[in-house]
Amino acid sequence: MTATLPTLPEPRTEQPAPRSAGPGRRLYALDGLRLVAALMVALYHYGGRDGDVSRAWGASPRHEFPHLSSAFAYGCLGVQIFFVISGFVICMSGWGRPLRSFFASRAARLYPAYWAAIVLVTLVFALPWVTYKTVSPSDTLVNLSMLQQPVGADRVLGVCWTLWAELRFYALFALFVVLPGASRRRVVLFCAVWTLMTVITSASHVEFLRVVFMPEHSAFFIGGVGLYLVHRFGNDAVAWGIVGVSFLLGQHYAVAGLVHPPNPHYFSTRSAYVVIAVLALGYAAVAAVATGRTDWATWRWLPFAGALTYPFYLVHEHLGWVVIGGLHRGLGVPSYATFALTLLVMLVLAWALHRFVERRFTPMLRRSLGG
C-alpha cells in the first residue's frame, strides 16, 4: 500500500485552490452536530436497549417508555454519524501538520478526559451502595492505555470500543496521509485504497485484515474524509463519488449489523428503511456543513456544545445508570423526568470535566509531546 502513494509534488493543475474562507474558519454547525450525535447515543443507552440500564430503571425501558423505546433504539446510529464527523475533522486537522504535531494533538485531545472518566467511574462503582461493579485492578490499569479491547481486558467504559476504532483510523491516516504530506491526490488515493481493502477484507474473512481495515466502520470515516475534500476544494465528481460509495457501503454494514427478523429475544426490531434514512440525514447534515450551507449558524453556544460532547460521551452511560437508579428507584421520580434530569446531570458533569480537566491538562499534554 505504501508503494502506491505518490512521493513527488503534484502539478498545480491537479490541486484545486482551497476555498478562501474554508479550511481556516470555525465550523459552528459541526460542533452542534457532534452534540446531537452524542445525545442520540444517550437516548439509546437510556431507553433504547435492555441490559444494565434495566437494572437502573427497575424494569425494561420498553415498559418505562412504551411509545418511544423503539425510536430510541435508532440512537445507536449516532456512532456512525460520529465516525463521519471524525473523518471530516481528522482530515481537516491533519492537513499540513507534521506527524509529531498530529500525534500530540490527538493524544492531548483524547486522553485527559478519558483518564478522568476512567477514575471517576471506578470510584463511583466502588461505592458500597452502587450495585454495579468495576473491572479488576489489572484490567483498570490496562484501560488507561485505551488498548484494552485488542488485548482482551474488560472495559471500564462501555463506549470505549468506538475509541479503538478511532485510534485505528488515526494510525492509518497518519501513516498514509500525514507522514508523506497531505494533498488532494494522496487523500483521494487513501480513500480509494481503504475502500478497496474494506471489500477485500469482507470477502476474505481474514481476521488480521478485519482488525486493521475495520470494514464495519471504515466507510463512515472515508465518507467524512470525502466531505472534507468537498469543503476544502469545492464540488467535484471524485470527492462526491467517495462520499456516495462510502454511504452505499456504510448503510449495508449498518443494516447488516442492526436489522434482524422479528425475535422476542431482541429488545426491538429496527427497520432497514429507517436505518438508511437516519444515516442519510447524518450524511446530509455533514454535507451541509461541508458545502457552506450552515455558515449562517454562528451562535456562540455551539462551540460550547461541541466542547461538552466528548466528556459527555465518555461518562453518560455508566454514571447515567447510577443517576437513573437514584432518581427513579431511590426517590421515585417519574420516568420521563428522570430521563431529562439524568441528561442534564451528565451535561453538567461534562462541563466540569471540560472546565477542570480538558482546559487545564490538554494544552499541558500537547506541549509535553511537542505538539
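What you find for Leu229 and Ala239 is that their closest heavy atoms are CB-CB, 4.0 Å. Closest non-hydrogen pair, Leu249 versus Ala219, comes out as CB-CB, 4.1 Å. Closest approach of Gly78 to Ala37, counting heavy atoms only: O-CB, 3.7 Å. Between Leu99 and Val178, the closest heavy-atom pair is CA-CG1, 3.7 Å.
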Review point. Does the side-chain hydrogen bond (donor to acceptor under 3.5 Å, both in side chains) test come out yes or no for Ser60 and Ser54, once each step is laid out?
Key: CA-CA 5 Å; Ser60 171; Ser54 296; 4.7 Å; no

- List the steps, then state whether ring-ring contact (aromatic ring centres under 6.0 Å, His included) holds for His318 with Tyr132. CA-CA 9 Å; His318 288 4; Tyr132 303 100; 7.9 Å; no

Original post:
Does the pair Tyr28 and Trp299 meet the rule for a ring-ring contact (aromatic ring centres under 6.0 Å, His included), with working shown?
Top reply: CA-CA 7 Å; Tyr28 287 81; Trp299 304 304; 9.3 Å; no

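Residues Glu166 and Arg106 are not paired through a salt bridge, judged by the lack of any N-O separation under 4.0 Å between the basic side chain and the carboxylate. Taking a cutoff of 4.0 Å between a charged side-chain nitrogen and a carboxylate oxygen, Asp236 and Arg184 qualify as a salt bridge. Between Asp31 and Arg26 a salt bridge is recorded (basic side-chain N to carboxylate O distance below 4.0 Å).
Note that CG of Leu258 and CD of Gln251 are 11.5 Å apart. Values are rounded to the nearest 0.5 Å. Here Thr201 contributes atom OG1 and Glu216 contributes atom CD; the two are 10.0 Å apart, rounded to the nearest 0.5 Å. Between the CZ atom in Phe312 and the CG atom in Leu349 there is a gap of 10.0 Å [rounded to 0.5 Å]. In this structure, NE2 in His316 is found 9.0 Å from CG in Leu39, a value given to the nearest 0.5 Å. To the nearest 0.5 Å, atom CG of residue Leu365 and atom CG of residue Leu110 are 10.0 Å apart. A distance of 6.0 Å separates NE2 in His328 from CH2 in Trp57, rounded to the nearest 0.5 Å.
Aromatic ring centres of Phe82 and Tyr313: separated by under 6.0 Å. Between Trp351 and His354, the distance separating the two ring centers is not shorter than 6.0 angstrom.
No donor-acceptor distance shorter than 3.5 angstrom exists from the side chain of Tyr283 to the backbone of Val243, with no hydrogens or angles considered. Between the Asp139 side chain and the Asp154 main chain, a donor and an acceptor come within less than 3.5 Å of each other. In terms of modelled atom types and a separation under 3.5 Å, the side chain of Arg359 and the main chain of Leu353 share no donor-acceptor contact. A donor-acceptor pair under 3.5 Å links the side-chain atoms of Arg55 to the main chain of Thr131, judged by distance alone.
At a threshold of 4.5 Å between non-hydrogen side-chain atoms, the residues Ser271 and Tyr74 count as touching. Annotation: side chain of Ile90 is not in contact with side chain of Phe221 (no heavy-atom distance under 4.5 Å). A heavy-atom distance below 4.5 Å is not found between the side chains of Ser368 and Phe361. Side chains of Val187 and Cys91 form a contact here, defined as non-hydrogen atoms less than 4.5 Å apart. Looking at Leu27 and His231, their side chains come closer than 4.5 Å, going by heavy atoms from C-beta outward. Contact check for Val53 versus His45: no side-chain heavy atoms found under the 4.5 Å cut-off. Arg210 has its side chain within reach of Pro215: a pair of non-hydrogen atoms, C-beta onward, lies under 4.5 Å apart. At a threshold of 4.5 Å between non-hydrogen side-chain atoms, the residues Phe102 and Leu179 do not count as touching.
For Phe103, the CZ atom counts as loosely surrounded, since its 6.0 Å shell holds 12 or fewer non-hydrogen atoms of other residues, nucleotides or ligands.
Ring pair Trp194/Phe169 is parallel by interplanar angle, where below 30° counts as parallel and above 60° as perpendicular. Using cut-offs of 30° and 60° for the angle between ring planes, the Phe190 and Phe173 rings count as perpendicular. Ring planes of Tyr228 and Trp95: tilted class, angle from 30 to 60°.
Neither side chain, Thr362 nor Tyr111, offers a donor N or O lying under 3.5 Å from an acceptor on the other. With 3.5 Å as the limit, one finds no donor-acceptor pair spanning the side chains of Thr198 and Tyr253. For the 3.5 Å distance criterion, the side chains of His217 and Gln80 fail to qualify, holding no donor opposite an acceptor.
A chain of hydrophobic side-chain contacts below 4.5 Å, direct or via other Ile, Leu, Val, Met, Phe, Trp or Tyr residues, connects Phe208 to Met214.
Here ring pair (Phe, Tyr, Trp, His ring centres under 6.0 Å) pairs that include residues 331-350, with residues two or more places apart or in two chains, are Tyr46-Phe339, Phe65-Tyr336, Phe65-Phe339, Phe72-Phe339.
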